[in-house]
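First up is the structure itself, then whatever we jot down about it.
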Amino acid sequence: MRGVILMLLFAVLCISFVSKGQIMRRISTNESLTLEQKVEVAKDLIERKQYYPAYKMYLDIYESSPDEKSIYQLAELSRKLNYYQKSSSYYKQLTKFPEYPLALFYLAEMNLFSGNYSEAEQLFQQFIRQYPQAAEVNDAKNYLDLIENALNIKQQPIDAAINLIPDTRNTTAAVIAGTDIYYSQPIEIKVSEKLKRTYYNLVYDTLYALRIMQGQVSQNNINGSQVMELEEDDHYNVANPAFTSDQDRMYFTQCNLIEDEPCKIYYTDKRSSGWSKPRALGEQINMPGTNNKDVSVFYADGAEHIIFSSDRAGGNGGYDIWYSRKESKFESPVHLSSNINTEKDERSPYILFDSLFFSSEGHAGLGGFDIYKTEFLYPTFDGEVNNIGYPINSAANDLYYFTTDYYNAYFTSNRNTGCCNELFQANIRKSEQIKAPEIDEPVAVVPKDIGEDEPDVNEEIVVSNEPAITVETPTKEPPAPQEFKEEESPTAFIPQKNVLFPPVMTYTEFRSLLSKNPTLVGDVLLKVQIGAYRNPPYGYFAKIKTFEIVTENHDNLTKFLTGNYYNLVEAEKRRTEAVRAGINDAFIAVYYNGQRVSILRKM
């Protein structure tokens, strides 16, 4: 009997190889495929998780054979591609066929992600009534709870203006480094001769891949150029840039656009001639057989860390968030606590000062991925998780939240198109600012040198077959504020009408001015400046525990400030805390009617 089974298996394999051989011969000679061969190609693409070319193939199949099997495949593939409207249409057709009971469930889900809460609620309730024994009933009930929560969130919107950045379709993961914006955008790449001899030649006339771009934001538009020159036929999506505090190293994610192979985290170092050849991090981070992506950098306990998403074993399910400390090389990743990681996916973590932002499908939100915030509590990461609110979050997928000051942010969402990510900008009123939490004792932490170790062949993997390049990075001192005296700057922010305010005042002069002009009390705001940089290292102040830290851009410098005070005693108290934390040149800046007018000197 065993011999018969082996012979049957061998026969099936032979038929499969012969069939694929016939398909490839037809492709190479530009002959049309039969309907059965098209179905075989589409199924093979699905097994490789190449959903878009499989979807295009089934559109072709549907024209020849518009039956419920083709409709089912189109519904499933369009759902995986986040084509909410198209998928809803296909699933609605499938609800007429009793052999597809889950069509009703997924029809409800697509309505939910489209923001049609009322319709989704009715469809989930109908599914529970019609199929009470289905395994998805619990999911349907959870979705009903989510809808109730989403409506509550929408009834309490935050005061924020959301603007779509034009011409950013399929653009994702924007970050600010220095005065530039870095983001990932699709560009046309060359279809290699190897690729032309595969199934993809049937569906791709033109092939696009994500590349990291560097540019400027001008009048709500982004204009940029490619950061790293890759091979023309390099079939990889390169995305999600993240920088060390000195901006001399860039981490990013690379995923094979064609083959079903795991995504990996890479890095490149800045040199006088440009960026170095990309190298993959070692297997501590890029564990074989697992996807690792959405990398970001933070500093804690005197060391550089990366925080990223991974579907490796040891998590709660799907993608979870992990972090790794770097000494001579990166240590074994640590799984974040279960109050952050859920059974569903957690993605795109980012740390600013005392806040951790991330996206999740598993916490109470508005639909798909929502953006959440929790206090940055290293190393436990066990703070309370809060949805950052509507209208930043939507019923669709919202990811890659990035801000340098809590008031202005970039994020990625497919809310407008369903299928495709676009870049959005959020401007949050200060009354709604997502504040960093207060703690008792400020502590200054200086970023550890991040380039002291040379690549280790056991740790790093070269991206090409060329010999490894040794990266020699000189020892760096921690970034320090630019040496300048603002009181001597000819461009001090002194409005002509505010002649009462000199460029620099002593405490005594300031008190005297207020006593002589009592109507100014309440209109004059005080802040404590703790740093100014031409190339701002946002991670530098990560462990200076303050109520909030914001940034302003003056004189081509990014200035870090803390506090909002109408009382000189409270402002001086904060300045003293900053000095004790190691910011010896901290000083108090004066604002009148929202405009910076002078600084105070203690004399």
Side-chain angles (χ1 to χ4, degrees), residues 43 46-47 49 51 54-55 58 62 66-155 311 315-320 338-339 341-347 359-370 372 385 387 390 393-398 414-415 418:
K43 288 181 177 179
I46 292 172
E47 287 181 7
K49 298 182 180 179
Y51 300 129
Y55 174 76
Y58 265 108
Y62 179 76
D67 56 19
E68 66 274 17
K69 292 181 180 179
S70 298
I71 296 172
Y72 169 76
Q73 292 294 351
L74 288 171
E76 289 286 282
L77 290 167
S78 55
R79 176 172 64 88
K80 294 178 186 297
L81 293 167
N82 294 327
Y83 296 171
Y84 301 140
Q85 301 300 326
K86 292 180 180 179
S87 189
S88 293
S89 175
Y90 293 130
Y91 279 123
K92 191 170 184 179
Q93 295 179 59
L94 284 176
T95 57
K96 302 174 184 177
F97 300 95
E99 59 266 37
Y100 298 101
L102 291 183
L104 186 58
F105 175 85
Y106 288 123
L107 176 60
E109 189 178 64
M110 294 301 98
N111 273 273
L112 168 61
F113 295 157
S114 299
N116 302 323
Y117 292 117
S118 178
E119 181 73 12
E121 182 178 31
Q122 295 177 25
L123 290 168
F124 280 126
Q125 290 171 343
Q126 181 182 345
F127 174 76
I128 293 170
R129 289 194 303 269
Q130 287 187 214
Y131 305 101
Q133 304 303 318
E136 289 74 15
V137 164
N138 284 335
D139 290 334
K141 291 178 179 178
N142 289 335
Y143 273 135
L144 289 174
D145 291 338
L146 184 149
I147 291 171
E148 181 180 0
N149 182 74
L151 294 174
N152 289 333
I153 293 175
K154 291 193 70 174
Q155 288 173 1
D311 61 359
N316 291 351
Y319 280 95
D320 277 6
S338 293
N339 67 323
N341 286 318
T342 70
E343 294 180 356
K344 295 189 176 182
D345 287 347
E346 277 69 47
R347 296 278 308 277
S359 292
S360 174
E361 290 181 311
H363 292 278
L366 280 84
F369 279 101
D370 270 25
Y372 297 86
V385 173
N387 189 298
Y390 173 84
N393 284 321
S394 69
N397 292 323
D398 305 295
N414 67 333
R415 65 185 64 189

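All values below come from the heavy atoms of this structure, side chains included, with hydrogens, waters and symmetry mates left out. Please read all numbers here as calculations on a predicted model, not as lab measurements.
- Looking at heavy atoms from C-beta onward, Thr342 lies out of side-chain contact with Asn316 at the 4.5 angstrom threshold.
- Put simply, CG on Asp370 and OG on Ser359 are 8.0 Å apart, with the number rounded to the nearest 0.5 Å.
- Contact check for Gln85 versus Ser114: side-chain heavy atoms found under the 4.5 Å cut-off.
- A search for side chain to side chain contact (heavy atoms under 4.5 Å, CB included) contacts involving Ala396 returns Tyr84, Ser394, Asn414, Arg415, not counting sequence neighbours.
- Classification of the Phe124-Phe105 ring pair by plane angle, with boundaries at 30° and 60°, yields perpendicular.
- Distance check, rounded to the nearest 0.5 Å: CD of Glu68 to CG of Leu94 gives 8.5 Å.
- Ring planes of Tyr131 and Phe127: tilted class, angle from 30 to 60°.
- Side-chain contact between Glu76 and Ile46 is absent, with no heavy atoms from C-beta onward closer than 4.5 Å.
- When all heavy atoms of Ala108 and Ala120 are compared, the closest pair comes out as O-CB, 3.5 Å.
- The local environment of OH in Tyr72 is sparse, with at most 12 non-hydrogen atoms from other residues, nucleotides or ligands closer than 6.0 Å.
- The shortest side-chain heavy-atom distance between Tyr58 and Lys43 falls under the 4.5 Å cut-off.
- Residues Asp345 and Gly317 approach most closely at OD1-O, 4.5 Å, considering heavy atoms.
- Taking all atoms of both residues into account, the shortest heavy-atom contact from Pro132 to Val137 is O-CG2, 3.7 Å.
- A pairwise comparison of heavy atoms in Ala75 and Ser78 identifies O-OG, 3.1 Å as the closest pair.
- Formation of a donor-acceptor pair under 3.5 Å by the Thr95 side chain with backbone atoms of Leu104 is not found in this model.
- Contact between Gly367 and Leu146 at its shortest, heavy atoms only, is N-CD2, 3.8 Å.
- Enclosure of atom CD in Gln125 by more than 12 non-hydrogen atoms of other residues, nucleotides or ligands within 6.0 angstrom is indicated.
- For the pair Arg79 and Tyr91, the cation does not sit on the ring face, since its NZ or CZ is not both under 6.0 Å from the ring centre and inside 45° of the axis.
- Ser88 places no side-chain N or O within 3.5 Å of a backbone atom of Leu107 that could act as its donor or acceptor partner.
- Interatomic distance, OH of Tyr55 versus OG of Ser87, reported as 9.0 Å (0.5 Å rounding).
- The shortest distance between side-chain heavy atoms of Ile128 and Lys141 falls below 4.5 Å.
- Distance CZ/Phe369 to NZ/Lys344: 10.0 Å, rounded to 0.5 Å.
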Test side-chain contact (heavy atoms from CB on, under 4.5 Å) applied to Tyr62 and Ile71, step by step = CA-CA 7 Å; Tyr62 179 76; Ile71 296 172; 3.6 Å; yes

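- Counting only distance, with no hydrogens or angles, the side chain of Asn149 and the backbone of Asp145 share no donor-acceptor pair below 3.5 Å.
- Put simply, the side chain of Asn82 reaches to within 4.5 Å of the side chain of Asn397, judged on heavy atoms.
- Geometrically, Lys80 does not engage Tyr90 in a cation-pi contact defined by less than 6.0 Å to the ring centre and at most 45° from the axis.
- Among all heavy-atom pairs drawn from Tyr372 and Ala364, the shortest one is OH-O, 3.0 Å.
- In this structure, Tyr319 and Glu346 have side chains that are not in contact, with every pair of non-hydrogen atoms separated by 4.5 Å or more.
- A 4.5 Å side-chain heavy-atom check between Asn387 and Leu366 finds at least one atom pair inside the cut-off.
- Counted by atom type alone, Ser70 and Asp67 present one or more donor-acceptor pairs between their side chains at under 3.5 Å.
- For the atom pair CG of Leu123 and CD of Glu119, the computed distance is 4.5 Å after rounding to the nearest 0.5 Å.
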